[in-house]
Amino acid sequence: MLTIGIHDSDPQVRQAAAESLRGYDEDRARELLVTASNDSVAQVRKGAASALRQPDDRSVATTLLRLAEDRDPSVRGIAVESLGSVGGLEALQQLVRALRVPDSFERIRAAAGLGELLDDRAVEPLAVALKDPQPAVAVRRRAHWVN
């Protein structure tokens with residue numbers, strides 16, 4: 001059923017199908033999410049980025065790294081936050097880059113993703129996030145660091 005949904009003509013159905021695949025630890029689910037990550041509609045790509053948030057699953061890192069460079073800032077924001085659950089050096093590097101972008105939504109999500117990494121290398125960039133001119137970035141960073 002979700003396979004049909006990913007290929008539906010209605011973008012809302014495609015988005016819902018992508019989001020429904022979150023948590024499925026199967027190759028077919030990942031394939032469908034990669035398909036959704038290439039959709040022409042930003043909301044569908046955003047749904048895929050959210051669903052690809054698989055703790056410690058490096059198999060989704062390549063797709064999330066690509067989505068972190070998406071033309072739509074909301075897709076980039078969700079992708080960078082999802083990278084925090086995947087972990088790894090490339091995720092860390094992308095999250096640090098995202099802390100310096102002009103878009104505050106993306107910086108907020110990057111701070112959240114860095115907090116999820118549970119990596120000592122994230123401490124310094126998170127400390128820098130405290131000085132962000134957008135208060136929500138610092139608040140998001142504190143919330144994840146405290147947990």
Side-chain angles (χ1 to χ4, degrees), residues 2 5-6 11-147:
L2 291 173
I6 290 290
Q12 290 180 323
V13 172
R14 294 193 309 271
Q15 177 187 4
E19 290 172 351
S20 296
L21 288 166
R22 185 175 185 174
Y24 281 86
D25 189 23
E26 299 173 11
D27 291 339
R28 182 65 182 142
R30 285 186 205 94
E31 289 172 22
L32 291 171
L33 288 170
V34 169
T35 297
S37 77
N38 291 311
D39 200 279
S40 62
V41 177
Q43 283 301 108
V44 178
R45 295 191 309 275
K46 189 171 150 182
S50 178
L52 284 166
R53 186 185 195 119
Q54 305 287 339
D56 300 318
D57 184 353
R58 300 267 163 72
S59 71
V60 300
T62 303
T63 302
L64 285 172
L65 287 164
R66 181 177 46 78
L67 288 171
E69 299 292 333
D70 195 89
R71 65 186 172 274
D72 185 277
S74 67
V75 173
R76 289 193 308 266
I78 298 300
V80 296
E81 184 170 2
S82 292
L83 278 168
S85 68
V86 172
L89 181 60
E90 287 180 295
L92 173 70
Q93 291 169 336
Q94 182 63 43
L95 289 164
V96 170
R97 277 192 297 275
L99 281 177
R100 296 186 291 254
V101 300
D103 185 75
S104 62
F105 175 77
E106 191 173 345
R107 291 194 320 273
I108 290 167
R109 298 298 186 160
L114 278 167
E116 287 184 35
L117 274 178
L118 301 175
D119 186 321
D120 290 342
R121 297 172 293 187
V123 172
E124 186 177 332
L126 283 169
V128 170
L130 274 175
K131 299 174 185 151
D132 193 280
Q134 169 63 284
V137 174
V139 167
R140 187 70 177 234
R141 179 230 149 256
R142 277 192 200 106
H144 278 78
W145 209 357
V146 169
N147 291 331

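Only this structure's heavy atoms are used, side chains among them; waters, hydrogens and symmetry mates stay out.
Within the 4.5 Å cutoff, side-chain heavy atoms of T63 are placed close to those of L52. Considering only heavy atoms from C-beta on, Q43 stays 4.5 Å or farther from P11 through its side chain. Residues L114 and L92 form a side-chain contact, since some pair of their non-hydrogen atoms from C-beta on lies under 4.5 Å apart. Residues E81 and E116 form a side-chain contact, since some pair of their non-hydrogen atoms from C-beta on lies under 4.5 Å apart.
Using a cutoff of 4.0 Å between basic side-chain nitrogens and carboxylate oxygens, D72 and K46 are not scored as salt-bridged. A salt bridge between R109 and E106 is absent, with no side-chain N of the basic residue lying under 4.0 Å from a carboxylate O of the acidic one.
Of all non-hydrogen atoms in R71 and S40, the two that sit nearest each other are NH2-O, 3.7 Å. Heavy-atom minimum distance, R121 versus P125: O-CD, 3.3 Å. Listed here is the closest heavy atom pair of A18 and G47: CB-C, 4.1 Å. Across all non-hydrogen atoms, the minimal contact from L117 to A122 is CD1-CB, 4.4 Å. S85 approaches S82 most closely through the heavy-atom pair OG-O, 2.8 Å. Taking every heavy atom of both residues into account, L67 and S37 meet most closely at CD2-O, 3.6 Å.
Within a 6.0 Å radius of CZ in F105, more than 12 heavy atoms belonging to other residues, nucleotides or ligands are found. Enclosure of atom CD in Q12 is not indicated, since only 12 or fewer non-hydrogen atoms of other residues, nucleotides or ligands lie within 6.0 angstrom.
With no hydrogens or angles considered, no side-chain donor-acceptor pair links E90 and Q94 at under 3.5 Å. If you check the side chains of R45 and N38, you find no donor sitting under 3.5 Å from an acceptor.
Annotation: the span from L95 atom CG to L83 atom CG amounts to 5.5 Å, rounded to 0.5 Å. From S59, atom OG reaches atom CG of L64 across 9.5 Å, with rounding to the nearest 0.5 Å. From R76, atom CZ reaches atom CD of E69 across 8.0 Å, with rounding to the nearest 0.5 Å. Interatomic distance, CD1 of I108 versus CG of L99, reported as 11.0 Å (0.5 Å rounding). Rounding to the nearest 0.5 Å places CD1 of I6 at 8.5 Å from CG of D39.
Listed for the R107 side chain is a donor-acceptor partner under 3.5 Å among the backbone atoms of P102.
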